[in-house]
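The next block holds one structure in the form of structure tokens; read it before the comments.
Here is how names work: the chains are called A, B, and so on, in the same order as the sequence lines, proteins then strands, and each is numbered from 1.
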Amino acid sequence: MEAVNVQVLVPLAIYLGLIYALAVYSNRVLSRAGNFLEEYFIGSRGMGGFVLAMTLVATYTSASSFVGGPGVAYKMGLGWVFLAMIQVPTAWLTLGVLGKKFAIIARRVNAVTISDILRARYESRWVVGLTSLALVVFFIAAMVAQFIGGARLFEGATGLSYHTGLFIFAATVILYTTVGGFRAVALTDAVQGLVMVCGMGALFWGLLHAGGGIGPIVESLRETDPALLTPFGPDDFLSKPFILSFWVLVGLGVIGLPHAGVRCFGYRDSRSMHTAIVLSTAVLGAVMLGMHLCGALGRAVIPGLEVGDKILPLLSLEVLPPVVAGLFLAGPLAAIMSTIDSQLILASATLIKDVYIHCFQPNAATDSGAGKRLHQLSFYTTALIGIIVFLAALRPPDLIVWLNLFAFGGLQAAFFWPLVLGLYWRRANSAGALASIVVGVGSYFVFNIVWDRFWGMHVIVPTLVLGGLAFVVTSLGTNPPRRGVLDVFWGK
Amino acid sequence: MPKHTSVHTEADPRFLQAAKEAWACIVLAALNFLWWFATAYGLGTQPVEEYTWIWGLPAWFVWSCLLGLPLFVLFIFVTVQTIFKDVPLDAHLTEPDQER
């Protein structure tokens with residue numbers, strides 16, 4: 001893989017070109033928009049059903065769905081595919097549980113970020129400050145990891161060096177997100193979702209072809225290790241408590257991921273949401289099934305890999321014609337980019353809306369002079385966060401690598417209860433929310449350091465239980481929220 | 001201040017509908033969990049030599065993963081068609097009392 005692989009590079013380049021074009025289009029829309037903040041950070045709440053579905057799928061599927069996940073499936077067999085399928089309800093859980101109430105309240109309080117909703121509900125600097133801090137820190141850590149994953153993939157597929165790959169990759173994401181804002185993010189997500197599905201279909205077909213059909217592939221896995229065909233995996237690695245706790249981590253808890261949540265108030269009307277629930281369930285399920293199954297069955301075609309992570313890139317180069325392989329590899333790159341872009345735009349929105357406007361410039365959104373500065377500042381902030389992440393990915397600091405391990409669960413620990421109870425429990429108040437954030441994130445870190453697994457479960461389970469308890473007990477012990485808040489969240 | 005903050009809090013009917021939809025989604029997620037869990041461990045716990053096979057794959061995998069997905073896509077489709085209602089998402093339903 002020393003030489004640059006032109007046949008793979010060309011389709012990738014065309015694909016990146018298309019993404020730049022979408023960014024330019026979004027920037028045109030942005031320059032005509034009446035309300036800059038609403039357009040830049042939430043696309044004026046104009047997503048239709050198809051775009052909403054695809055952007056949700058693209059946000060959920062990240063480097064882990066294409067690199068890490070299939071890599072583990074390679075080692076664990078069908079048991080890991082089974083585990084991945086617990087993500088099937090994710091789309092209807094997030095869209096359905098946060099639901100239309102979330103969308104209506106977001107319009108009532110002009111919310112652009114998740115913190116806006118929390119501010120309106122809890123009216124507490126501390127709740128908003130801590131959640132914003134958690135969001136920016138965890139997002140940066142997560143984005144660095146995604147950048148590294150993307151660059152490695154680029155390197156493996158095209159033969160360009162890691163740094164060149166990282167540069168092209170990072171420049172693309174940062175540029176289109178900065179220039180186009182949320183609309184560019186959602187539109188590119190939609191394209192990227194389509195690319196993922198097509199790429200996966202092609203790969204699966206190629207795999208079956210190369211392996212001589214499903215029968216011989218399964219037979220070869222059975223000869224390698226019959227445990228690859230069980231729900232338990234080799235050496236009973238996938239115990240029942242572990243699998244059950246994954247249901248919480250990647251299914252239920254995803255309601256608490258802010259970059260997914262923000263999409264749940266970015267849609268145009270009820271109809272868009274109805275379409276998106278069905279469509280995103282189908283597409284997400286198919287992508288999860290296909291990718292992990294390729295990883296698991298790929299072991300029959302390319303046996304003996306030490307690092308499972310390389311299975312999808314290697315498999316695609318092995319079983320697909322180079323041009324098609326290039327298109328396929330655009331899929332994981334797409335998944336990675338679409339996770340970064342959604343985190344980048346939300347981190348920027350949080351800094352601008354929740355830190356800059358609320359602490360320094362309360363009238364920036366209305367005052368025209370300040371409005372222009374806000375405009376520029378929003379661009380700079382998005383670009384700056386992107387560049388910080390890029391620099392960190394060049395030589396990842398240990399702290400970032402460490403934080404990324406906690407990002408996914410840590411975000412859930414911070415956001416899950418304040419969001420869900422804030423929407424559905426009248427008695428929930430700021431003291432309770434604060435308690436659940438502190439106890440949740442704190443215990444998540446402690447549990448991760450002290451135990452690897454908790455009674456065989458992922459530590460997100462005791463974390464959410466403790467966070468929820470802290471929320472309820474503290475809320476009941478302090479004053480209920482004031483009447484005006486209840487009117488916004490429950491009244492007509 | 002808009003008028004509605006001073007009168008007795010009256011629930012927005014759209015929120016009641018939203019709560020119903022949220023519950024439907026939670027119930028469906030629970031059903032999905034049961035299906036996924038019961039078919040996999042019900043058919044996949046015995047030694048591999050005693051497995052039944054469908055389309056060349058272990059039966060537990062086919063039922064739990066390959067058939068589970070389309071089945072629940074169908075279920076969520078029916079749920080959305082029957083339980084979900086098309087409501088406007090505007091900030092306030094009646095008497096738009098002020099520009100927000």
Applying side chain to side chain contact (heavy atoms under 4.5 Å, CB included) to A:T230 and B:Y51, what does each step give before you reach the verdict? CA-CA 9 Å; A:T230 67; B:Y51 272 8; 3.3 Å; yes
Grab the two heavy atoms, one from [X] and one from [Y], that are nearest each other, plus how far apart they are.
X      : Y      : value
B:L69  : A:A286 : CD2-N, 3.6 Å
A:F232 : B:T45  : CE1-CA, 4.0 Å
B:A22  : A:Y424 : CB-OH, 3.9 Å

Looking at CD of B:E21 and OG of A:S270, how far apart are the two atoms once the value is rounded to the nearest 0.5 Å?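 These two atoms lie 7.5 Å from each other.
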Kindly compute the distance separating CZ (A:R107) from CG (B:D90), expressed to the nearest 0.5 Å.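 Between atom CZ of A:R107 and atom CG of B:D90 there are 7.5 Å.
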Side chain, backbone, both or neither: which part of [X] has an atom under 4.5 Å from a heavy atom of chain A?
X     : value
B:D86 : both
B:W53 : side chain
B:P88 : backbone

Does any backbone or side-chain atom of [X] lie under 4.5 Å from a heavy atom of chain B? Answer side chain, backbone, both or neither.
X      : value
A:L293 : side chain
A:V88  : side chain
A:L229 : both
A:R268 : backbone
A:L83  : backbone
A:L244 : side chain

Find out whether [X] and [Y] are in side-chain contact, i.e. whether some heavy atom of one side chain is under 4.5 Å from a heavy atom of the other.
X      : Y      : result
A:L78  : B:W60  : yes
A:I243 : B:F37  : no
B:D12  : A:W490 : no
A:P89  : B:L28  : no
B:R14  : A:K101 : no
B:V80  : A:W92  : no

Looking at B:I76, B:L74, B:L57, which makes the most heavy-atom pairs under 4.5 Å with chain A?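 If we count pairs closer than 4.5 Å to chain A, B:I76 comes out on top.
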Do you know which of A:I217, A:I214, A:I105 has the most heavy-atom pairs under 4.5 Å to chain B?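 If we count pairs closer than 4.5 Å to chain B, A:I214 comes out on top.
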Would you find more than 12 non-hydrogen atoms of other residues, nucleotides or ligands less than 6.0 Å from [X] atom [atom1]?
X      : atom1 : result
B:W23  : CH2   : no
A:W247 : CH2   : yes
A:R271 : CZ    : no

For the residue pair B:W36 and A:F82, does the interplanar ring angle fall in the parallel (under 30°), tilted (30 to 60°) or perpendicular (over 60°) class?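 Ring orientation, 0 to 90° scale: parallel.
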Give the ring-plane orientation class for A:H274 versus B:F84, where under 30° counts as parallel, over 60° as perpendicular and anything between as tilted.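 If you compare the ring of A:H274 with that of B:F84, the planes turn out perpendicular.
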The test is side chain to side chain contact (heavy atoms under 4.5 Å, CB included); show your working for B:T79 and A:I277 and say whether it passes. CA-CA 10 Å; B:T79 308; A:I277 282 192; over 6 Å; no
Treating A:T281 as the side-chain partner and B:V73 as the backbone partner, does any N or O pair qualify as donor plus acceptor under 3.5 Å?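 A pair under 3.5 Å: no.
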Under the 3.5 angstrom rule, does the side chain of A:K100 hit a backbone N or O of B:K85 as a donor-acceptor pair?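 Pair found, side chain donor or acceptor close to backbone of B:K85.
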Derivation of the side chain to side chain contact (heavy atoms under 4.5 Å, CB included) call for B:F33 and A:L252: CA-CA 11 Å; B:F33 178 81; A:L252 185 69; over 6 Å; no
